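Some notes on the structure that comes next.
In this text the structure is predicted, and so the values were computed from the model without any measurement. Order of the sequence lines sets the chain letters (A, B, ...), proteins ahead of strands, with each chain counted from 1.
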4 protein chains.
Amino acid sequence: MARPRSEDKKQALLDAATDAVALQGIAASTALIARNAGVAEGTLFRYFPTKDDLLNALYLHLKTLLCEALQAGLKDMSTPKTIACDVWNSYISWGLKNTLAQRAVRRMSVSEKITPETRQQVNELFPELYKLCQRAMRQELMTIEFEDFGDALFLALAETTIEFALRHPARSQELISLGFESMWRALAQENPV
Amino acid sequence: MARPRSEDKKQALLDAATDAVALQGIAASTALIARNAGVAEGTLFRYFPTKDDLLNALYLHLKTLLCEALQAGLKDMSTPKTIACDVWNSYISWGLKNTLAQRAVRRMSVSEKITPETRQQVNELFPELYKLCQRAMRQELMTIEFEDFGDALFLALAETTIEFALRHPARSQELISLGFESMWRALAQENPV
Amino acid sequence: MARPRSEDKKQALLDAATDAVALQGIAASTALIARNAGVAEGTLFRYFPTKDDLLNALYLHLKTLLCEALQAGLKDMSTPKTIACDVWNSYISWGLKNTLAQRAVRRMSVSEKITPETRQQVNELFPELYKLCQRAMRQELMTIEFEDFGDALFLALAETTIEFALRHPARSQELISLGFESMWRALAQENPV
Amino acid sequence: MARPRSEDKKQALLDAATDAVALQGIAASTALIARNAGVAEGTLFRYFPTKDDLLNALYLHLKTLLCEALQAGLKDMSTPKTIACDVWNSYISWGLKNTLAQRAVRRMSVSEKITPETRQQVNELFPELYKLCQRAMRQELMTIEFEDFGDALFLALAETTIEFALRHPARSQELISLGFESMWRALAQENPV
DNA sequence: CATGAATGAGGTTTCATTCAT
DNA sequence: TATGAATGAAACCTCATTCAT
């Protein structure tokens, strides 16, 4: 992969795109993104041949960052529940610390501009992590057919929790643990309170 | 005198908008919507002064339809769990029967074009129903501060379930009951398997 | 001339058009004019087959009103200067009392929508009056070729005076007499202060 | 790098706009202006972000040209009257040579699209010139409160003269000097014929 | 390689006018 | 006669993309 001249510029473009998409959705203009990245309008197209390419690259990029945060957040791997708890907390706290990134991802994920290929690549980012959690999951959710479903339920609950924590910062700690409790009851094999 | 404004045309516009937004997001053009509704482009703006007004009206309209389906779906009100189950099944089956409507709603709900006022109106559509379910909910989720959170978790799980059921029609029945089981564990007071 | 059903409606349309044109120029929409006149959009076109017809009718109407005010304002016909002074004062005070009408006329008079025919009709409204003033005018301005020019100079000075008097109400009296003095010096045969 | 913004194109746009506004008023379409300037419609909006911006820029531009003509026209500065005469003649002859520009200015000046800021900038173009004339003006018109009024009367008479000279080219010389005589009588301190 | 001027298709919205009621 | 719903051309403006510099 011939890397472009300046990795800095590419990064600046992704950062600017994150903010723009978070605030304006995928309708955010390439001109705005380039300007906020501090590069010329035409330069954007040297790094991303197409706006759609930029969006797909951004989606993958942000999901990768999230994934790295999850991996870095694993501290106590003694029991499935502590693992799940670490993952949950890392997820939520990444979303809270990177509000715009989180919002950008949400907006892109419902868009038809993100191709199935990109979605597939994103799925492949997470496997190990989920394997860890899944050990604790209910039998029904552990069959090959349904493990994606379990993941999706996990993500749905986490995203909802992030949203509420952002909306009600004063009660964010309570929401986060209430959310975790709900997730654990929903998905885990045993439900010891 | 003069011909009366036609409720049919308004309906045709909302229907056409549903399909267009489902497929292309809120970027779907008014020209396309009008054409598919079988009216002139200028006519659209007699019924909805602004594209944003159309989107907000559409959002409210679809959520109203969903709400009516939920109310119509209440059959067995003997126990909290049967109530919750009816609601769950109605929700999912409305989503499955009205794929485009469901997709349109999802896309609009993450858009900044839907105003807080509209969102508030939508919230007010649902109260009785949720009261019913909430009787069965865990204490923690029944405080005023957290009942919205409980609702949101319910919706998140249901939407995820709909999405998977659409993607895997052959296994939709299993997914639906697996989803219900997860929701019930997550949110209900008692967790008898 | 078969008069339309309701002279009231026609009048209401002209009044509404006056305000609309004063505020928005000839771009003011027929829909707005009709609404402010309290009639339906289509009704406007029963009284004025075309928007241009409405504008021309309005121009003639307002100039007629002005002309009537000038004639009514003649009080002291003893000397040319008192006549001129009465005309001047009537003109200015009509402009000040009918700001919107005055502004509407100004905007229409530079527009290509007002036809030469209408402009000719307007010219024909004023003759007698000007004959009176002209007795006092300089020889050079009394030849057939230049009497229109003298009229136009009179009007130009009067309109400028109105504009300034509107802009500076506190000093309007001074402006009006300063304007009159200037007009009299410019156009009259003798210049006794 | 990248091709520089072309002053030629900007000029072509202003020229095309002058003609279009002269003939059709401020309602002249951006499409027509761009086409007559030989550029794409989108290009117009790179030079003038808004149609209103174009109109304001055009107004300022034309008034600047006029002002330059007035300054270049000063030849004999020996007496106030010769100065005034040079200014008068330059003004009229600029109007005659630049009919469309003159007409465009007239139409724009009664429009609400021209902002107070632009009007202020235009006022500031002229001060020195008027100072020259004002030395000859009547005391009453030399007070700070009324010097603007004197200017406006001067302009009103000049514009009227231009209009008549255009309408009657055969007699334009007579009209011009008749106009000057009237202006001088109206505004100057002494009125020696 | 980087730039940003240029493009023109396409977006939303307005509006004079027509015509079914 | 009066109405106002319907129309579609045309308005202003945006934008992804190209390409001369």
Problem set entry | B/Val39 or D/Ala27, whichever maps to the more 5' nucleotide of DNA chain F |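 So the residue in question is B/Val39.
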Exercise. If each of B/Gly42 and D/Thr50 is mapped to the nucleotide of DNA chain F with the nearest heavy atom, which maps nearer the 5' terminus, i.e. the 5' end?
Worked result: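 This one resolves to B/Gly42.
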[X] [atom1] - [N] [atom2] separation (whole Å):
{"X": "C/Leu54", "N": "E/dA16", "atom1": "CG", "atom2": "C1'", "result": "12 Å"}
{"X": "A/Ile33", "N": "F/dT14", "atom1": "CD1", "atom2": "P", "result": "17 Å"}
{"X": "C/Leu44", "N": "E/dT17", "atom1": "CG", "atom2": "P", "result": "9 Å"}
{"X": "A/Phe48", "N": "F/dT18", "atom1": "CZ", "atom2": "C1'", "result": "19 Å"}
{"X": "A/Leu55", "N": "F/dA16", "atom1": "CG", "atom2": "C1'", "result": "12 Å"}
{"X": "D/Phe45", "N": "F/dC12", "atom1": "CZ", "atom2": "P", "result": "7 Å"}
{"X": "C/Gln24", "N": "E/dT14", "atom1": "CD", "atom2": "P", "result": "12 Å"}
{"X": "C/Asp52", "N": "E/dA16", "atom1": "CG", "atom2": "P", "result": "10 Å"}

For this session: Give a yes or no answer on whether the side chain of C/Tyr59 reaches the backbone of C/Thr115 with a donor-acceptor pair at less than 3.5 Å.
Result: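 Absent.
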Problem set entry | Any donor-acceptor N/O pair, B/Lys51 side chain to B/Ile26 backbone, under 3.5 Å |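 Yes; at least one donor-acceptor contact below 3.5 Å.
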Problem set entry | Earlier contact from the 5' end, DNA chain E, for B/Lys51 and D/Gly38 |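 Going by which nucleotide is closer to the 5' end, it is D/Gly38.
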Problem set entry | Contact nearer the 5' end of DNA chain E, comparing B/Glu41 with D/Ala40 |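 Looking at DNA chain E, the more 5' nearest nucleotide goes with D/Ala40.
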Between [X] and [N], is there a contact of a side-chain N or O with OP1 or OP2 at under 4.0 Å?
{"X": "D/Tyr47", "N": "E/dA6", "answer": "yes"}
{"X": "C/Thr30", "N": "E/dC15", "answer": "no"}
{"X": "A/Ser29", "N": "F/dT14", "answer": "no"}

Exercise. How close do D/Gln24 and D/Leu32 get, heavy atom to heavy atom, and via which atoms?
Worked result: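 That would be NE2-CD2, 3.3 Å.
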Exercise. What pair of heavy atoms forms the shortest contact from A/Leu13 to A/Ala34, and how long is it?
Worked result: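 So the minimum-distance heavy-atom pair works out to CD2-CA, 4.1 Å.
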Problem set entry | Salt-bridge present (C/Arg107, D/Glu112; N to O < 4.0 Å) |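 Answer for the salt bridge query: yes.
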For this session: Give the nucleotide from the list E/dT7, F/dA6, F/dT3 with an atom nearest to the side chain of B/Lys9.
Result: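 My answer, after comparing the listed nucleotides, is F/dA6.
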